[in-house]
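The structure appears right after this line, and notes come after that.
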Amino acid sequence: MKFSVFTASTPEWTPQEAATQLAGQGWHGIEWRVTDQAEAPEPGFWAGNKATWPMTGLEDSVPEIARITSEAGLEFSGLGGYARCDNHDGVERVLAATAALGARQVRVNVLPLGNSTMGGQEPTGLSYPELFAATRGHYEWVAERAAHHGVKALVELHHGTVTASASSARRLLEGLDPQHVGVIHDLGNLLIEGWESPLPALELLGPYLAHVHVKNARWVRTEDRDQAGASVWVNEWAPLAEGQGSVLEYFKALASVGYDHWVTVEDFSTEVPLAERTAGNLDFLRRAADAAGLTVSGTRAAGSLSKG
């Protein structure tokens, strides 16, 4: 098992700063955020994120992405793409960039639910069965193109989409080649929607379990009441050791199914400054992996920055 960081969660750092900081702390790899984003007066996770490579001109950025990553001594855990499966042109470009970088795998977003505001998109007005069928049709094409490029396209378990759970993702991909499509299992997202006990969910995914994202969340009761007079609860991101999800139990489930690939952190909590947060997360992951009986392969010592 190896640990990396998704740069959606490092908005204050430039790509060079992110690679240097993470390598110096001892992380094995990095998962670059790739999308065109809105500008913002202050760096944020979703707008003005300095550690994001724009989709516009992505092909021209490939050599610089490769250089920064390699010179820091980091590996790619994959690419954090935002191209949606119905945007064939965008998908083709991120698959080609993944292949050119040797990054092996890239997220290709599924369709959002009709009432979802994910990514600021307008509701489609389609029912869930219609959205699911459309996503399946697009992902059949995605699987063919991923095979052509020799990479893997990843479906993320994400609230507000047609694949909020492991069950829905397995159903979506059933019959497609697991060498070229797979699933990102995400502990934090599942606490918001799609929760299934980790062990049976991971067993269900079987060969489609390709990648793991770790973040944490919690539900908080507000002072509001709904129209029937009941309490209103909202979700918020939490530090890895403070949310409702047990990272230790999650790692035990991963150990039970023999998962020994990448674990990528995307911590969207803000209680602790960024550099302290990423360093602390790595220490926490190592302790949790050790307690779960997982082997962390090729653990890098903090400060072991490669120049090759």
Side-chain angles (χ1 to χ4, degrees), residues 2-40 43-84 87 89-109 119 142 145-146 148-154 156 180 182 184 210-213 261-267 274-275 278 282 298 300 304-308:
K2 294 182 180 181
F3 298 133
S4 76
V5 172
F6 181 33
T7 62
S9 61
T10 61
E12 301 159 39
W13 292 336
T14 65
Q16 184 66 67
E17 290 168 339
T20 301
Q21 289 274 2
L22 297 175
Q25 291 175 4
W27 293 87
H28 302 98
I30 194 164
E31 196 163 316
W32 294 108
R33 180 176 187 249
V34 179
T35 189
D36 289 329
Q37 62 180 341
E39 295 182 4
F45 295 126
W46 317 121
N49 184 316
K50 294 181 180 179
T52 295
W53 295 94
M55 267 290 282
T56 300
L58 175 60
E59 294 78 7
D60 293 335
S61 297
V62 164
E64 186 69 355
I65 297 172
R67 182 191 67 78
I68 290 174
T69 307
S70 175
E71 288 185 356
L74 295 172
E75 300 176 52
F76 295 101
S77 58
L79 289 186
Y82 284 73
R84 217 169 69 177
N87 175 7
D89 206 41
V91 172
E92 185 75 27
R93 292 177 60 212
V94 296
L95 291 174
T98 303
L101 288 166
R104 299 177 304 281
Q105 54 188 11
V106 58
R107 181 176 65 179
V108 174
N109 282 345
V142 170
R145 298 312 301 161
H148 171 79
H149 289 285
V151 299
K152 185 178 290 191
L154 302 179
E156 184 177 20
H180 297 294
I184 304 173
H211 195 34
V212 165
H213 277 183
H261 308 302
W262 285 100
V263 168
T264 295
V265 173
E266 44 176 359
D267 184 355
L274 179 55
T278 52
L282 182 56
R300 302 176 64 233
S304 60
L305 192 63
S306 169
K307 297 299 182 185

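Computation of the quantities below employed the complete heavy-atom set of this structure, encompassing side-chain atoms and omitting hydrogens, waters and symmetry-equivalent molecules.
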Point to revise | Salt-bridge criterion met for Glu12 and Lys50 (N-O under 4.0 Å) | key: no
Review point. How close do Ser9 and Leu274 get, heavy atom to heavy atom, and via which atoms?
Key: O-CD1, 3.5 Å
Review point. Taking all atoms of both residues into account, what is the closest heavy-atom pair of Trp32 and Ala51, and its distance?
Key: CE3-O, 3.9 Å
Check your understanding: Is the NZ or CZ atom of Arg104 positioned over Phe76's six-membered ring, under 6.0 angstrom from the centre and within 45° of the axis?
Key -> no
**Study point:** Option among Val34, Thr35, Asp36 that satisfies the side chain to side chain contact (heavy atoms under 4.5 Å, CB included) test with Pro54
**Key:** Asp36
Point to revise | Flag side-chain contact, heavy atom, 4.5 Å: Ile184 against Val212 | key: no
Point to revise | Donor-acceptor side-chain pairing of Gln25 and Thr278 below 3.5 angstrom | key: yes
Check your understanding: Mind checking whether Phe45 and Gln37 have side chains closer than 4.5 Å, heavy atoms only?
Key -> no
Review point. Backbone N or O of Phe3 within a donor-acceptor pair of the His28 side chain at under 3.5 Å?
Key: yes
Point to revise | Minimal non-hydrogen separation, Val62 against Ala97, with atom names | key: CG2-CB, 4.2 Å
Practice item. Ignoring hydrogens and angles, tell me if any N or O in the side chain of His180 forms a donor-acceptor pair with the backbone of Gly150 under 3.5 Å. Key: no
Review point. Looking at Pro11 and Pro43, what are the two nearest heavy atoms and their distance?
Key: O-CB, 3.4 Å
Review point. For the side chain of Thr7 and the backbone of Arg33, is there at least one donor-acceptor N/O pair under 3.5 Å apart?
Key: yes
Review point. Would you say Trp27 and Val265 make side-chain contact, with heavy atoms under 4.5 Å?
Key: yes
**Study point:** Gap separating the CD atom of Gln105 from the CG atom of Leu79, nearest 0.5 angstrom
**Key:** 9.5 Å
Revision key, fill the gap. Scanning both residues in full, the closest heavy-atom pair of Asn49 with Ala8 reads ND2-O, 3.1 Å
Point to revise | Steps toward side chain to side chain donor-acceptor pair (under 3.5 Å) verdict (His211, Glu156) | key: CA-CA 9 Å; His211 195 34; Glu156 184 177 20; over 6 Å; no
Exercise for review: Indicate the ring-plane relationship of His213 and Phe6, choosing parallel, tilted or perpendicular according to the 30° and 60° boundaries.
Suggested key: parallel
Check your understanding: So which of Thr69, Thr20, Ile68 actually passes side chain to side chain contact (heavy atoms under 4.5 Å, CB included) with Leu74?
Key -> Thr69
Point to revise | Side-chain (Thr10) to main-chain (Trp13) donor-acceptor, under 3.5 angstrom | key: no
Check your understanding: So Glu31 and Arg107, side chain to side chain contact (heavy atoms under 4.5 Å, CB included) or not? Walk me through it.
Key -> CA-CA 10 Å; Glu31 196 163 316; Arg107 181 176 65 179; over 6 Å; no
Exercise for review: Give, for atom CD of Glu75 and atom CD1 of Ile30, the distance between the pair rounded to the nearest 0.5 Å.
Suggested key: 12.5 Å
Exercise for review: Indicate yes or no: at least one non-hydrogen side-chain atom of Gln16 is less than 4.5 angstrom from one of Gln21.
Suggested key: no
Check your understanding: Any side-chain heavy atom of Arg93 sitting closer than 4.5 Å to one from Leu58?
Key -> yes
**Study point:** Spatial distance of atom CG (Leu101) from atom OG (Ser61) [nearest 0.5 Å]
**Key:** 10.0 Å
Review point. Which pair of heavy atoms, one from Ala23 and one from Ala72, lies closest together, and at what distance?
Key: CB-O, 3.2 Å
